[in-house]
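These values consider heavy atoms only, across backbone and side chains, with no hydrogens, waters or symmetry-generated copies. Below, read A as the first sequence line, B as the second, and so on, with proteins coming before strands; counting in each chain starts at 1.
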Number of protein chains: 2
Amino acid sequence: MTTPSPTVFVVDDYAPVRRSISRVLHAAGFAVAAFASAEEFLAQYDPRTLGCLVLDLAMPTLDGLELQDILAKAGSVLPIIFLTGTADIPKSVQAMKHGASDFLTKPVNDEDLLSAVRVAFEKNRSVRQQQTELSEILARLATLTPREREVLEYVVTGKLNKQIAGDLGTVEQTVKVHRARVMQKMRVRSVAELVRLTQRCGISAR
Amino acid sequence: MTTPSPTVFVVDDYAPVRRSISRVLHAAGFAVAAFASAEEFLAQYDPRTLGCLVLDLAMPTLDGLELQDILAKAGSVLPIIFLTGTADIPKSVQAMKHGASDFLTKPVNDEDLLSAVRVAFEKNRSVRQQQTELSEILARLATLTPREREVLEYVVTGKLNKQIAGDLGTVEQTVKVHRARVMQKMRVRSVAELVRLTQRCGISAR
DNA sequence: TTCCGCATTATACTAAGGTATAATAGACAG
DNA sequence: CTGTCTATTATACCTTAGTATAATGCGGAA
């Protein structure tokens, strides 16, 4: 299993634009993969790939905004740089509201494009970093038994062992055992660290 | 000292637009304050006022984007809904990147405007809510002595009293005293709660 | 100088958390 | 049916944390 290398995906139905953009990006040292339609891109795209997407707004079948929607619903965090030849303000605003990294107009200035791509790469790197940390935490959480998980939630709200025991209808010693396993499985050595971890994944919202 | 009531601020250099927009908003039950220029608005605006700003993009002296900049630098969280008669994509994108709540085109549909204003009001309400909570926490932090503050930072990283004492070059009992005062002044009863509070204001970033 | 806030230290005790060891019991998979 | 996982409980002991009380020293403000 090969990990795909960071790539700029270019999706535009107009071949000269694809070529021109690909050339500029390639000359700047980026790996580029160009597609003539959103469908082609979706068929090829490996979500694990780092990078960003340079996306034409107006395309025949699936347009840019629709692809943005599809990717978002699929949980993608690939930053999108839109390109458009038409001056459609509402669409640019919608794209930005939905999290587009940037929105450029054709003909696009080379430096603007490269700068946008660099920003997008950095965003992607940072989001992936956070995702990695989050999934590490979730992996640890997954090793907890239901009871341990329950105890965890009480612990991070600052409850005492005896209170937890009372609420769970058991005794303090039982709670201590679960609690010790929680600390061990979550790989922390203090309640403070535990609270930090769990804060990052929405636990303990009470 | 009267607390200003939630208001839609309208800034547009063209009187008919001001009137038309004010009328629509007023009819929908919003308090409205209209200004013919960014300067006039700045002279009158009380940052404590809740609401939002409906702002014309192109104006003679200070334009919309510049006002957005000024407000942002002043720490304003007043949501801005831009209005524009021209189809300038780069400006719409810049406005959105800089945190505009929405960006509408003239002539603006009444329902679009009202809906944008409602969204902006809600954003403002929510941000203010968070600001209030944050300032409450900061107020408590401000009551800590330098030493207590120092101890706080160690506590929320999960350090033991003896470790803290060692690092601060003092003894455990001293740390206990400071620690007790910290818990009292921050009005929490467990380390978990303390970590929660401090997480919200950037403390303990180590 | 005197009062007060701050930091410090000490003694003493209580409460709570953490660890080790061991045993029991139900559920479920092989 | 047997072994493993999970949950439970108990005993015992040690480490930390929390609290109360008291006292000392320092530096700035009145």
Side-chain angles (χ1 to χ4, degrees), chain A residues 135-201 203-204 206, chain B residues 135-201 203-204 206:
Chain A
S135 67
E136 164 64 18
I137 298 172
L138 293 176
R140 293 181 196 175
L141 273 176
T143 68
L144 299 182
T145 67
R147 201 56 156 175
E148 285 162 359
R149 170 64 178 265
E150 212 166 355
V151 170
L152 166 66
E153 308 219 356
Y154 282 95
V155 171
V156 295
T157 61
K159 292 278 189 296
L160 300 181
N161 287 341
K162 63 167 63 172
Q163 293 175 309
I164 302 174
D167 289 356
L168 295 183
T170 180
V171 298
E172 197 177 335
Q173 184 50 31
T174 306
V175 174
K176 282 190 181 183
V177 172
H178 289 316
R179 186 168 176 154
R181 291 228 179 80
V182 168
M183 300 296 281
Q184 191 186 331
K185 287 181 176 178
M186 297 304 290
R187 296 184 206 163
V188 292
R189 278 159 46 213
S190 66
V191 176
E193 290 176 68
L194 190 65
V195 173
R196 295 272 182 72
L197 279 197
T198 54
Q199 286 281 86
R200 289 197 226 166
C201 51
I203 287 193
S204 68
R206 51 183 75 190
Chain B
S135 66
E136 163 66 17
I137 298 172
L138 293 176
R140 293 180 196 174
L141 274 176
T143 68
L144 300 183
T145 67
R147 201 58 157 172
E148 284 163 1
R149 170 65 178 266
E150 213 167 356
V151 170
L152 165 66
E153 308 218 358
Y154 282 95
V155 171
V156 297
T157 61
K159 292 277 189 298
L160 299 181
N161 286 343
K162 62 166 64 172
Q163 293 175 308
I164 302 174
D167 288 355
L168 295 183
T170 182
V171 299
E172 195 178 337
Q173 183 51 30
T174 306
V175 175
K176 282 190 180 182
V177 173
H178 288 315
R179 187 169 177 153
R181 291 227 180 82
V182 168
M183 300 296 280
Q184 190 186 330
K185 287 181 175 177
M186 297 303 291
R187 296 185 208 163
V188 293
R189 278 159 45 215
S190 65
V191 175
E193 288 176 70
L194 189 64
V195 173
R196 295 273 181 72
L197 279 197
T198 54
Q199 286 281 86
R200 287 197 226 167
C201 49
I203 288 193
S204 68
R206 53 184 76 193

Using a 4.0 Å cut-off on protein heavy atoms (strictly under), produce a 5'-to-3' string for nucleotides 10-25 of chain D with B for base contact, S for backbone-only sugar-phosphate contact, and - for none. BB----SBBBB-----
Heavy-atom check, side chain of Val182(B) versus side chain of Val155(B), under 4.5 Å: no
Calculate the interatomic distance between Arg181(B) atom CZ and dC6(C) atom P; express it in whole Å. 8 Å
About how many Å separate CZ of Arg187(B) and CG of Leu197(B), when rounded to the nearest 0.5 Å? 10.5 Å
note: Leu152(A), atom CG; dG17(C), atom C1'; distance rounded to Å ~ 17 Å
Output yes when Glu193(B) and Arg196(B) qualify as a salt bridge under the 4.0 Å nitrogen-oxygen rule, no when they do not. no
Output yes when at least one side-chain N/O atom of Thr145(B) is less than 4.0 Å from OP1 or OP2 of dG5(C), else no. no
For Arg179(A), the option from Leu152(A), Val191(A), Leu194(A), Thr174(A) that meets side-chain contact (heavy atoms from CB on, under 4.5 Å): Val191(A)
Nearest-0.5 Å distance, NZ of residue Lys185(A) to OG1 of residue Thr143(A): 5.0 Å
Let me know the distance between CZ of Arg149(B) and C1' of dA7(C), rounded to the nearest Å. 18 Å
Taking only side-chain N and O atoms of His178(A), does any of them lie within less than 4.0 angstrom of OP1 or OP2 on dT6(D)? no
Quick one, Asp167(B) and Ile164(B) - any side-chain contact, counting heavy atoms below 4.5 Å? no
With a 4.5 Å heavy-atom cut-off, do Thr145(B) and Arg181(B) have their side chains touching? no
Which parts of nucleotides 25-30 of chain C does protein reach within less than 4.0 Å, heavy atoms only, written one letter per nucleotide 5' to 3' as B for base, S for sugar-phosphate only and - for none? ------
For a 4.5 angstrom cut-off between non-hydrogen side-chain atoms, does Val175(B) reach Tyr154(B)? no
Atom CG of Leu168(B) and atom P of dC6(C) are separated, to the nearest Å, by 17 Å
